[in-house]
There are 2 protein chains.
Amino acid sequence: MARLSFRDQVLRVREDAIVSSVNRLLAEKGFDSMTVDEVAADVGIAKASLYKHFASKEALAAAAMVRVLQRARQAIEEQAATADRSAFERLRAVTRWTLQVQLAGEMPSLPAQNSTLRATLVADPKYIDLVMDVSEKLGEWIVQAQTDGALTKALPPEVILYTLFARACDPVLGFLKASGQHSDEQIVDWVLATCLDGLAARV
Amino acid sequence: MARLSFRDQVLRVREDAIVSSVNRLLAEKGFDSMTVDEVAADVGIAKASLYKHFASKEALAAAAMVRVLQRARQAIEEQAATADRSAFERLRAVTRWTLQVQLAGEMPSLPAQNSTLRATLVADPKYIDLVMDVSEKLGEWIVQAQTDGALTKALPPEVILYTLFARACDPVLGFLKASGQHSDEQIVDWVLATCLDGLAARV
DNA sequence: GTCTATAGCCAGATAGAC
DNA sequence: GTCTATCTGGCTATAGAC
């Protein structure tokens, strides 16, 4: 990690505040409903200043995605560092982390259809590298857990990986939270159970 | 069903064509990205004519939701009419129907956060009645299937109902279809399996 | 009820002074 | 790099002739 000048440190801190606001607003309202004016107001700077840091609204969203993927990779590495834990248990822990982040309103949600947004994302090497890195590490655990007999062998690893990724935007969490009758931990436990154990009774 | 004059029949057919276009565009691009200009062009009439039929863009979306809910209720009633079928089998059939509709690009997708859209929906008695009707019928089957021992008793019926509803916007279907390596039936079978059987191995 | 033309608004992005 | 002020385009919705 290169030493940063004081100037650059200030800049880093400011950009971090911007990404935090974007992350929260993306989780709250989604990409289309979020406006750059809101972001600027939330950070407390002028809109034109925002554009000195990020080239476009899409670039703001990409930065938020990079940050949440960095957090995900960190969560994965923490699991990788644990001893005496099976691949299945590690996958379960990372999935639980994902659900907790979403329930806490810290998971940015992007529309899968927006083409200019997708173009910005795939043109961002940081984003691409992180997605591939996270996919690869989870993919290894999935194969291992299938070998261990903990995960079903009836599904291809690809399907399992996508199903775990999709927990980041599972609407059931929001439904249950909106009902206001359950604790966050209870909600996470239930959704984790639907994902891993399924709805059909286990004999 | 009241007899309709020829004039009203023409009108009915035209509005049906409008709702079809809205339904497809909502499935394709989502509510925010869909423009009223596109809808008018797709139907082949002027935008001002559209507004003679529907008061707003939100009203268009509500009409599409009502239609897909009517289709859902019909699918439920077809299951209810079958003999020698358990509640669990009926739920599985309806869930399969939902996944097929989504994979076929016929499931309108609306942002859960948009407040003016939500206001239009909850102000529409047709929409509300259909949601309650569908929920009630599925809820009865869920309780029955739990009593039969086919669905897990570890989850409240509410959680199971939401989880089934969420299959209407499961992104895994689109991911797998985008990979282009699997048939639609294969994709539906896999996602249905993740939902009902879960990812963990069954002993 | 259909059309053309346009009003009115809002959001993304920029100009230019400091 | 920060600001104020503005441009530009696109979108919802409507006016008004036929």
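Chain naming here is simple, since letters A, B, ... match the order of the sequence lines and numbering starts at 1 in each. Worth saying up front: this structure is predicted, and the values here are computed from it rather than measured.
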In whole angstrom, what separates [X]'s [atom1] from [N]'s [atom2]?
| X | N | atom1 | atom2 | answer |
| --- | --- | --- | --- | --- |
| B:Asn114 | D:dC11 | CG | P | 16 Å |
| B:Leu50 | D:dA15 | CG | C1' | 17 Å |
| B:His53 | D:dA13 | NE2 | P | 16 Å |

task: Apply side-chain contact (heavy atoms from CB on, under 4.5 Å) to the pair A:Lys29 and A:Glu38, showing each step before the final yes or no.
output: CA-CA 11 Å; A:Lys29 327 183 62 175; A:Glu38 277 175 327; 2.3 Å; yes
- prompt: Does A:Glu77 CD have over 12 foreign heavy atoms under 6.0 Å away?
  reply: yes
message: Around atom CD of B:Gln74, are there more than 12 heavy atoms from other residues, nucleotides or ligands closer than 6.0 Å?
response: no
Among C:dT2, C:dA13, D:dT2, the one nearest A:Lys52 by side-chain distance: D:dT2
statement: Of the candidates C:dT2, C:dG1, C:dA13, the side chain of A:Glu58 sits closest to C:dA13
Distance below 4.0 Å between B:Tyr51 side-chain N/O and D:dA13 OP1 or OP2: yes
query: What nucleic acid atoms does B:Lys57 come within less than 4.0 Å of, heavy atoms only: base, sugar-phosphate, or nothing?
result: sugar-phosphate
- line: Interatomic distance, CG@B:Leu176 vs NE2@B:His182, rounded to 0.5 Å, equals 5.5 Å
task: Check whether the side chains of B:Thr116 and B:Asn114 place a donor and an acceptor atom closer than 3.5 Å, and report yes or no.
output: yes
task: Identify whether the distance between the nearest side-chain nitrogen and carboxylate oxygen of A:Lys137 and A:Asp133 falls below 4.0 Å.
output: yes
Please write out the pairs of protein N or O atoms and N or O atoms of nucleotides 4-7 of chain C separated by less than 3.5 Å, giving the distance to one decimal.
none

query: For the side chain of B:Asp124 and the backbone of B:Lys126, is there at least one donor-acceptor N/O pair under 3.5 Å apart?
result: yes
Check: A:Thr152 main-chain N/O paired with A:Gln146 side-chain donor or acceptor under 3.5 Å: yes
query: Got a sec? Which of residues 13-41 of chain B come in under 4.0 Å of DNA chain C, heavy atoms?
result: B:Arg14
